[in-house]
Amino acid sequence: MMFGCKCLYWNAVTDFSPASSPEPFSLPAPVPKWPEGGSFSSGKIILGALEVIKVSRFEFIWGYNPAQDKKGVAFYKPVDIPDGFYCLGHYCQPNNQPLRGFVLVAREVVTSCDPDKSPALQEPLDYALVWTPDDGSQEKYGACGYVWLPQPPKGYKPMGYLVTSKPDKPELDAVRCVRADLTDKCEVYRPILNSSSKSPNFPFEVWDMRPCHRGMLGRGVPVGTFFCCSHWDAGEELHIACLKNLNPILAAMPTHEQIHALIHHYGPTVFFHPEEVFLPSSVSWFFKNGALLFRAGILDGEAIDDSGSNLPGGGVNDGEFWIDMPCDDQRESVKHGNLESAKLYVHVKPAFGATFTDIAMWVFCPFNGPATLKVGLVNIALSKIGEHVGDWEHFTLRICNFTGELWSIYFSQHSGGKWVDAYDLEYMEGNRAVVYSSKSGHASFPHPGVYLQGSSKLGIGVRNDCARSNLYVNSSVHYELVAAEYLGDGLVTEPFWLQFMRKWGPTIIYDSRTELDKIINILPAMLRYSVENIFDKFPVELYGEDGPTGPKEKNNWVGDERW
């Protein structure tokens with residue numbers, strides 16, 4: 001019986017050849033012994049009726065590697081599973097990157113409540129063959145792969161697929177399905193393999209998965225398995241699920257002392273461009289040096305207390321209040337910030353059902369400078385476009401709560417951003433990563449260079465220039481913990497200014513389109529249409545001075561990062 005697609009065959013053996021298993025990744029320095037407390041980095045997490053362990057030791061099963069290039073994928077099964085724990089599915093990743101993944105294995109937590117409940121884990125009733133490249137010539141061409149979907153009992157859901165190198169179905173006790181009330185919905189988000197270009201008549205895709213319900217309040221827990229299909233429409237519910245953390249006590253989250261230990265060990269160094277003139281400062285320095293609170297209908301601004309205690313707290317961004325620079329001669333000097341006072345403002349929150357911890361680090365700059373436009377080989381400095389008072393940018397460290405390892409970093413880049421895995425980061429002084437802040441705009445990037453916000457193919461867009469310099473902030477030392485809601489009241493006091501939900505700069509609309517049109521008109525005719533289309537996709541903030549809202553007003557304060 002096939003599930004969701006017909007069995008697939010490839011005629012050309014060159015499409016499938018064994019893929020070598022990549023070397024495992026480890027951080028540059030050993031992970032330290034964290035301060036004691038709770039179950040953070042203990043290796044096990046209780047999700048309610050289930051206890052789970054992260055397994056990162058794998059046995060290679062089978063790989064796909066197109067002959068035309070060096071990219072491909074490799075399938076693995078977890079090994080060294082502790083007694084009493086059960087496999088929930090297999091693992092897949094590209095074979096052109098270090099081996100750095102995990103799958104969760106689970107066992108039922110014995111409790112005296114709900115004696116009539118069905119077991120949390122059950123063997124599947126059968127397996128459905130989802131896909132194989134086997135064309136019946138295995139003896140001639142060598143081993144093939146077979147992808148199987150467990151068929152669960154009623155009231156249960158599979159967490160992942162099993163892969164074999166032989167056509168025989170896996171044993172029923174090779175995997176467990178999970179009772180449906182202990183699961184949550186998941187979605188695909190990052191393709192691992194798309195064979196459509198090589199075999200359009202027999203498409204096959206493999207994806208990473210993530211929980212649908214994410215962010216600080218999301219309880220979905222990724223199992224580390226993959227999703228695969230041959231015919232699947234975006235938005236269609238997946239055949240497999242993720243786990244759900246139903247434990248009201250988030251015991252695996254770091255304690256207050258452990259948070260500081262994590263920041264001291266992993267806190268990145270933020271490098272600003274050597275030509276950067278609009279540097280960061282602390283918020284209190286900004287207030288002390290003349291920042292003013294304005295109210296709609298009132299001409300004069302009010303001086304802001306050093307701690308921001310006279311800022312209106314709460315409410316919504318209704319346009320009634322905003323912050324602006326001082327109006328006197330001090331205005332120009334405040335624009336350039338004060339690197340000596342600068343610090344990172346830290347928000348710590350649960351991620352992926354409290355199996356990970358997100359450490360969001362916010363940097364404040366009093367002023368965001370004008371953009372530079374790149375059109376082919378020509379760079380055009382824009383006079384006002386991109387400028388605004390107040391600039392809040394951030395990056396986020398994602399820490400694995402099973403082990404205390406740095407797993408990835410999110411680099412916020414204007415209206416979006418991207419997660420970068422730990423193996424693709426630049427490090428200095430042990431496990432402290434490097435973050436590059438782009439010139440004038442302060443977007444975050446993992447490596448030096450020029451990043452275009454526009455069309456890299458055409459070489460047209462707004463430049464984001466990143467480079468090392470002697471202008472930097474070491475976030476492992478220069479930081480302030482401003483929020484960690486899960487710790488409860490009393491341990492972390494949120495500063496007054498964090499409750500200011502209005503804009504940290506005035507809104508000034510100017511005719512920036514006229515400036516852009518002048519640029520378009522001097523371009524060769526063959527480029528004008530493409531450039532105009534790119535300009536139309538620029539973020540709104542490039543067409544006027546619009547001060548940003550503070551960190552707590554951003555949707556990623558409670559929600560997941562935009563990716």
Side-chain angles (χ1 to χ4, degrees), residues 38-56 85-86 88-89 91 101-109 111 120-121 156-160 176-190 208-227 237-238 240-255 258-259 262 347-360 396-408 410 419 484-488 555-563:
S39 60
F40 174 74
S41 77
S42 67
K44 299 179 181 180
I45 296 178
I46 295 178
L47 304 179
L50 290 175
E51 182 180 37
V52 292
I53 291 177
K54 180 175 77 78
V55 174
S56 299
F85 286 81
Y86 297 97
L88 301 177
Y91 173 71
F102 70 91
V103 292
L104 299 186
V105 297
R107 72 176 176 185
E108 185 165 3
V109 177
T111 61
L121 302 171
Y156 290 78
K157 292 186 177 182
M159 299 288 103
R176 293 296 187 272
C177 300
V178 179
R179 202 174 67 217
D181 63 303
L182 306 178
T183 69
D184 208 351
K185 289 183 178 180
C186 57
E187 63 187 23
V188 301
Y189 77 100
R190 184 168 57 183
D208 272 337
M209 298 189 306
R210 63 183 182 183
C212 293
H213 303 123
R214 303 184 303 280
M216 187 164 68
L217 305 178
R219 290 304 183 101
V221 174
V223 180
T225 54
F226 60 91
F227 173 74
E237 187 171 340
L238 306 188
I240 56 179
C242 64
L243 294 173
K244 189 174 186 178
N245 190 348
L246 297 173
N247 190 345
I249 302 173
L250 305 181
M253 290 294 293
T255 64
Q258 289 165 347
I259 288 173
L262 287 165
H347 177 211
V348 183
K349 57 183 179 176
F352 289 152
T355 57
F356 286 80
T357 294
D358 277 1
I359 302 177
T396 299
L397 312 184
R398 179 155 285 175
I399 308 294
C400 175
N401 287 351
F402 289 96
T403 61
E405 290 177 281
L406 173 66
W407 200 254
S408 56
Y410 179 82
W419 284 103
E485 293 90 341
Y486 72 90
L487 289 176
N555 56 16
N556 59 296
W557 182 268
V558 173
D560 197 13
E561 302 289 358
R562 290 173 286 186
W563 49 311

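The figures that follow rest on heavy atoms only: side chains count, while hydrogens, waters and symmetry mates do not.
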Residues which pass ring-ring contact (aromatic ring centres under 6.0 Å, His included) with Phe102, listed by chain and number, not counting sequence neighbours: Trp407

Main-chain N/O of Ala354 paired with Arg219 side-chain donor or acceptor, under 3.5 Å: no

Contact check, side chains of Tyr410 and Arg562, non-hydrogen atoms, under 4.5 Å: yes

Asp358 side chain vs Ala351 backbone, donor-acceptor pair below 3.5 Å: no

From Phe85 atom CZ to Lys44 atom NZ, the distance as rounded to the nearest 0.5 Å: 4.5 Å

Backbone N/O of Gly559 and side chain of Lys349: donor-acceptor pair under 3.5 Å: yes

Worked verdict on Met159 versus Met209 for side-chain contact (heavy atoms from CB on, under 4.5 Å): CA-CA 11 Å; Met159 299 288 103; Met209 298 189 306; over 6 Å; no

Heavy-atom side-chain proximity of Tyr486 to Val348 below 4.5 angstrom: yes

For Ser408, all residues meeting side chain to side chain donor-acceptor pair (under 3.5 Å), sequence neighbours excluded: none

Atom pair CG/CG of Leu121 and Leu88 - distance to nearest 0.5 Å: 7.0 Å

Close side-chain approach of Arg176 to Glu108, heavy-atom, < 4.5 Å: no

Test item: Asn245 and Phe352 side chains (from C-beta on) under 4.5 Å apart, heavy atoms: no

Reported CG-to-CZ distance for the pair Leu397 and Phe356, which is rounded to 0.5 angstrom: 13.5 Å

Residues in ring-ring contact (aromatic ring centres under 6.0 Å, His included) contact with Phe226, at least two apart in sequence or another chain: Phe75, Tyr161

Side chain proximity check, Met253 to Gln258, heavy atoms < 4.5 angstrom: no

Shortest non-hydrogen contact between Ala49 and Ala120, atoms and distance: O-CB, 4.4 Å

Point-to-point distance, once rounded to the nearest 0.5 Å, from CG of Leu47 to CG of Leu104: 8.0 Å

pair Ile259-Leu487: side-chain heavy atoms closer than 4.5 Å: yes

